[in-house]
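Quick notes on the structure that follows.
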Amino acid sequence: MASGKLFRAIIMGAPGSGKGTVSGRIVKIFNLKHISSGDLLRANIAKRTELGVIADQYIREGKLVPDIYITKCILGELEQIRTNSWLLDGFPRTREQADDLWNQERIDSVINLDVPFDVIIERIQSRWVHLPSGRVYNVGFNDPKKPGHDDVTGEPLSQRPDDNPVAVRKRLEVYDACTRPINEYFDKKGVLATFKGSTTDEIWPHVQKYLETKIQ
């Protein structure tokens with residue numbers, strides 16, 4: 001579905017909330033360009049750009065890449081696609097990043113996926129990942145075409161060692177603490193739309209209906 005005017009949106013959701021699946025459907029149906037902070041970082045690291053070298057150093061040391069580098073990367077990318085409608089995924093992750101983004105770009109909507117933690121924990125235990133690309137599969141929901149192998153490269157999939165229930169719940173609690181101020185920020189701006197449910201198929205029709213009213 002094409003739109004006569006530009007539409008810029010952010011998608012928020014905890015790890016395991018189905019954000020990747022929902023993003024894929026939004027991008028395909030509404031013809032938006034998908035901007036993933038993780039994909040951008042991996043691309044910069046692979047190309048050994050100045051940002052990529054810096055980011056790779058932090059990641060290898062087990063540290064988070066500082067806000068200033070992530071923000072510069074994302075805002076620079078958005079600057080280059082000013083004539084496109086887009087869906088931003090994985091950014092912002094702090095209140096400061098949200099403020100920097102809002103000051104540069106017009107944000108039309110922030111789509112927030114709210115899935116119960118217990119549902120996510122159960123889902124993540126059946127999650128398999130292609131580590132080089134970040135592609136994620138879920139047994140019984142989003143199965144790879146060939147069990148245990150990535151659809152694109154055919155390489156083996158892995159389970160992250162920290163995908164155990166205790167570690168996952170801790171990550172979700174940290175995510176919630178970090179993103180609550182961001183959601184409150186966008187709520188005050190009047191652009192936050194939260195969708196609650198236990199499965200993507202339950203949430204998606206509401207997201208689609210909402211976007212159909214926003215993108216015309």
Side-chain angles (χ1 to χ4, degrees), residues 1-44 46 73-75 77-93 101 105-115 119-120 123-124 126-147 149-155 157 179 183 186 191-216:
M1 180 183 295
S3 170
K5 70 170 186 175
L6 295 180
F7 182 79
R8 279 77 179 267
I10 300 167
I11 187 163
M12 306 281 289
S17 65
K19 183 162 60 81
T21 302
V22 172
S23 294
R25 293 179 184 181
I26 292 174
V27 169
K28 181 177 180 180
I29 293 175
F30 295 99
N31 196 30
L32 305 183
K33 184 174 178 61
H34 185 224
I35 307 297
S36 163
S37 61
D39 288 348
L40 277 178
L41 265 184
R42 281 187 285 271
N44 274 275
C73 175
I74 297 295
L75 296 188
E77 179 72 14
L78 296 180
E79 182 71 30
Q80 295 180 41
I81 58 167
R82 285 205 166 273
T83 58
N84 293 88
S85 294
W86 44 255
L87 178 69
L88 181 55
D89 182 354
F91 184 93
R93 293 191 174 184
L101 177 62
E105 301 290 341
R106 186 199 76 239
I107 306 300
D108 298 299
S109 182
V110 177
I111 300 160
N112 179 42
L113 307 183
D114 186 357
V115 178
V119 171
I120 292 177
R123 186 180 296 170
I124 285 180
S126 65
R127 183 169 72 175
W128 291 82
V129 182
H130 179 246
L131 295 177
S133 69
R135 280 185 289 274
V136 177
Y137 303 85
N138 288 86
V139 176
F141 171 66
N142 178 36
D143 295 273
K145 294 174 183 176
K146 180 181 178 182
H149 294 79
D150 178 52
D151 287 353
V152 177
T153 66
E155 294 172 344
L157 301 176
T179 57
N183 288 336
F186 286 122
V191 295
L192 182 70
T194 296
F195 300 90
K196 297 184 179 182
S198 295
T199 67
T200 300
D201 287 341
E202 179 184 348
I203 292 174
W204 169 246
H206 301 286
V207 174
Q208 183 174 6
K209 185 176 180 180
Y210 165 77
L211 288 175
E212 285 171 349
T213 67
K214 304 289 287 187
I215 305 176
Q216 299 175 353

Report task. Check the pair Ser85, Asn31 against side-chain contact (heavy atoms from CB on, under 4.5 Å), reporting the backbone distance first and the verdict last. Result -> CA-CA 8 Å; Ser85 294; Asn31 196 30; over 6 Å; no
Query raised in the report: Which is it for Ile81 and Ile35 under the side-chain contact (heavy atoms from CB on, under 4.5 Å) test, yes or no, and what are the steps along the way?
Result: CA-CA 10 Å; Ile81 58 167; Ile35 307 297; 3.6 Å; yes
Query raised in the report: Would Tyr137 and Asp143 count as a side-chain contact (heavy atoms from CB on, under 4.5 Å) if you check the C-alpha gap in whole Å, the side-chain angles of each, and the deciding distance to 0.1 Å?
Result: CA-CA 6 Å; Tyr137 303 85; Asp143 295 273; over 6 Å; no
Query raised in the report: Are Leu101 and Ile10 close enough, and set up right, to give a side-chain contact (heavy atoms from CB on, under 4.5 Å), and what steps lead you there?
Result: CA-CA 11 Å; Leu101 177 62; Ile10 300 167; 3.5 Å; yes
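Taking 4.5 Å as the limit, some side-chain heavy atom of Ile26 sits within range of a side-chain heavy atom of Trp204. Side-chain contact between Met12 and Asn183 is present, with at least one heavy-atom pair separated by less than 4.5 Å. Side-chain contact between Ser133 and Thr153: absent, with no pair of heavy atoms (C-beta onward) separated by less than 4.5 Å.
Across all non-hydrogen atoms, the minimal contact from Leu6 to Arg82 is CD1-O, 3.3 Å. The two atoms that bring Ser37 and Gly90 nearest to each other are OG-O, 3.0 Å, heavy atoms only. Across Leu40 and Cys73, no two heavy atoms sit closer than the pair CB-SG, 3.9 Å. Considering all non-hydrogen atoms of both residues, Lys196 and Glu202 come closest at O-OE2, 4.4 Å. Between Val115 and Arg123, the shortest heavy-atom contact is CG1-NH2, 4.4 Å. The nearest pair of heavy atoms linking Ile120 to Gly16 is CG1-O, 3.8 Å.
Shown are Leu87, Asn84, Ile215; of these, the side chain to side chain contact (heavy atoms under 4.5 Å, CB included) with Phe7 is made only by Ile215.
With hydrogens and angles ignored, the 3.5 Å screen pairs a side-chain donor or acceptor of His149 with a backbone N or O of Pro147. Without hydrogens or angle criteria, Arg25 side chain to Phe30 main chain gives no donor-acceptor distance under 3.5 Å.
Between Arg135 and Asp151 there is no salt bridge, since no side-chain N of the basic residue sits under 4.0 Å from a carboxylate O of the acidic one.
The structure places CG of Asp39 at 11.0 Å from CG of Asn44, a figure rounded to the nearest 0.5 Å.
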